Protein chains: 2
Amino acid sequence: MTSVDEPARPNGRIRDAARTKAEILDVATREFARAGFAGARVDEIAARTRTTKRMIYYYFGGKEQLFTAVLERAYGVIREAEQELDVEHLDPVAAIRRLAELTFDHHEQHPDFIRLVSIENIHEAEHIAASEELGRIGSPALDVIRRILESGQKSGLFTADVDAVDLHAMISAFCFFRVANRHTFGALFGRDLVDPAQREHYRNMLGDMVIAYLTADRSED
Amino acid sequence: MTSVDEPARPNGRIRDAARTKAEILDVATREFARAGFAGARVDEIAARTRTTKRMIYYYFGGKEQLFTAVLERAYGVIREAEQELDVEHLDPVAAIRRLAELTFDHHEQHPDFIRLVSIENIHEAEHIAASEELGRIGSPALDVIRRILESGQKSGLFTADVDAVDLHAMISAFCFFRVANRHTFGALFGRDLVDPAQREHYRNMLGDMVIAYLTADRSED
DNA sequence: TCACTAATGTACGAACTAGTACGTTAGTCA
DNA sequence: TGACTAACGTACTAGTTCGTACATTAGTGA
């Protein structure tokens, strides 16, 4: 996330629309992720920036639109990361495993993003629906999966009938759940899914699961 | 969930503590699931019951404790369902598949429960932590998984090193994500994970995934 | 250098919202 | 049958929270 700090002019205020907007988005991301949409406080967000509440309304229009902007930026970060995906020089099995691991890493490194997505689902994705930007972005990762799958299926390594969106859902489900449901799962089963000591274990488990699914012989059913 | 309706006495009020409590819990479940903890309105809950806000405070003490009570009951429903799990007469492969399918079905049939759990995770499971009842319940499903795994491993059907809690996490992740993230996933990828026409497809996918993972040969890595 | 506008700050209000003080009544048990 | 209490209702308040009216200033282009 774009964090900004520079020596504020001794007395007078500095004018920098881009910086002010970015700072509001930074703080708002944390506040919405912390407390949910209804729980987040516009006054609290304003207090934690170097500007005032007035500016939130000036730049974003309202709480609702601010949340949408926060979501847009958060999804933008993922999209960028996905665009740098470079796994297609690997053989299909290694490529899928690597892609799954990168999803695993990204989710782990962006718990606020996970929380925002959970929150947006409580609101039935109404902000995504209201956002032009979010409506039209595809998923670079999906294209990558599509190509790897095709190549793996052609060479007979993978079971024929697996769909890219489904595989993406499977990988996301594992990675998302691990971070999003960390707290209830920990409280109920006494196991921290995000324990650093278990990180490699779960990372391998994900890869094993996906590869096992893709290479399994399903004729026996 | 315990829904209650009976002919209200023409004029006078009826006194039935159990019914009043249950009715409050019913309505509160829906309201919290709809809007999250902070977004839920105590007045709204009261308005939708046949009693008044006063009673919510009389019986539960406050909004926070009401949410905890709602969670306790919701988890109670799952626990009951899990106690009726009857799969151990099946061979290990069929038993695990059946167990996964029952989890799949239960999650699908209780979207409000899924939402409550998502909400509780936003609040870092603080209500579960505050609840004696929820702290001490184990998971009947977990015991079942443990026994099936052991039997499957003993007979050499399953890979040796799989842990019951991990397998439970894997199954839950798939089932939970499908329901919880339905809206954002649908908005971004144009696919409804809970589309009835795709139900059997995803139900099979889950079973295939779990069995493939459990029976895969991991020696080659 | 001056006028003009984008950017900013202050102060305030209207509506909402969790929670409570106080009064009432239905059922029950001695 | 009468007294006692659990169960219930009404009306209100204190504090919060989103949003805005109004005033101000920094930068910029003519």
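Just so it is clear, the model here is predicted, and its values are computed rather than measured. Values reported hereafter were calculated over all heavy atoms of this structure, with side chains retained and with hydrogens, waters and symmetry mates removed. A note on names: the letters A, B, ... follow the listed sequences, proteins ahead of strands, and every chain is numbered from 1.
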Under 3.5 Å, which protein N or O atoms sit close to an N or O of nucleotides 19-21 of chain C? Give each pair with its distance.
residue, atom, partner, partner atom, Å
C/dG19, OP2, B/Tyr57, OH, 3.0
C/dG19, OP2, B/Lys63, N, 3.1
C/dG19, N7, B/Lys53, NZ, 2.8
C/dG19, O6, B/Lys53, NZ, 2.5

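- Sorted by first then second residue, the side-chain hydrogen bond (donor to acceptor under 3.5 Å, both in side chains) pairs that include residues 111-120 of chain A, not counting sequence neighbours, are A/Glu120-A/His127.
- If you measure from atom CZ of B/Phe37 to atom P of C/dT17, you get 14 Å, rounded to the nearest angstrom.
- One can place CD1 of B/Ile45 at 12 Å from P of C/dT17, the figure rounded to the nearest angstrom.
- Following rounding to the nearest Å, B/Phe67 (CZ) and C/dT17 (P) show an atom-to-atom distance of 18 Å.
- Atom CE in A/Met55 sits about 16 Å away from atom P in D/dT24, given to the nearest Å.
- Every residue was checked against the ring-ring contact (aromatic ring centres under 6.0 Å, His included) condition with A/Tyr58, not counting sequence neighbours, and none meets it.
- Under 4.0 angstrom from either OP1 or OP2 of D/dC8 there lies at least one side-chain N or O belonging to B/Thr20.
- For the pair A/Ile56 CD1 and C/dA7 P, the computed distance is 16 Å after rounding to whole Å.
- Checking C/dA7, C/dT17, D/dT17 against the side-chain heavy atoms of A/Arg41 singles out D/dT17 as nearest.
- Atom CD1 of A/Ile24 is separated from atom C1' of C/dT8 by 11 Å (rounded to the nearest Å).
- Rounded to whole Å, atom C1' of D/dG15 lies 16 Å from atom CD of A/Glu44.
- A salt bridge links A/Arg199 to A/Asp105: one of the charged nitrogens lies within less than 4.0 Å of a carboxylate oxygen.
- Contact between the side-chain N/O atoms of B/Thr52 and the OP1/OP2 oxygens of D/dT10 is not found at any separation under 4.0 Å.
- Within 3.5 Å, a donor on the side chain of B/Arg15 pairs with an acceptor on the base of D/dA6, or the reverse.
- Salt-bridge check for A/Arg34 with A/Glu31: passed, with a basic side-chain N closer than 4.0 Å to an acidic carboxylate O.
- Separation of the B/Phe177 and A/Phe177 ring centroids does not fall under the 6.0 Å cut-off.
- As a whole-Å value, the separation of A/Tyr58 OH from D/dT25 C1' is 13 Å.
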Do A/Phe174 and B/Phe174 pass the ring pair (Phe, Tyr, Trp, His ring centres under 6.0 Å) test, and can you show the C-alpha distance, the side-chain angles, and the key distance before you say yes or no? CA-CA 7 Å; A/Phe174 187 94; B/Phe174 188 94; over 10 Å; no
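- Using a 4.0 Å cut-off, some side-chain N or O of A/Tyr59 falls inside it from OP1 or OP2 of C/dT8.
- Here the two rings, on A/Tyr75 and A/Phe113, have centers that are under 6.0 Å apart.
- Using a 4.0 Å heavy-atom cutoff across all strands shown, A/Ala40 reaches sugar-phosphate atoms only and no base atom.
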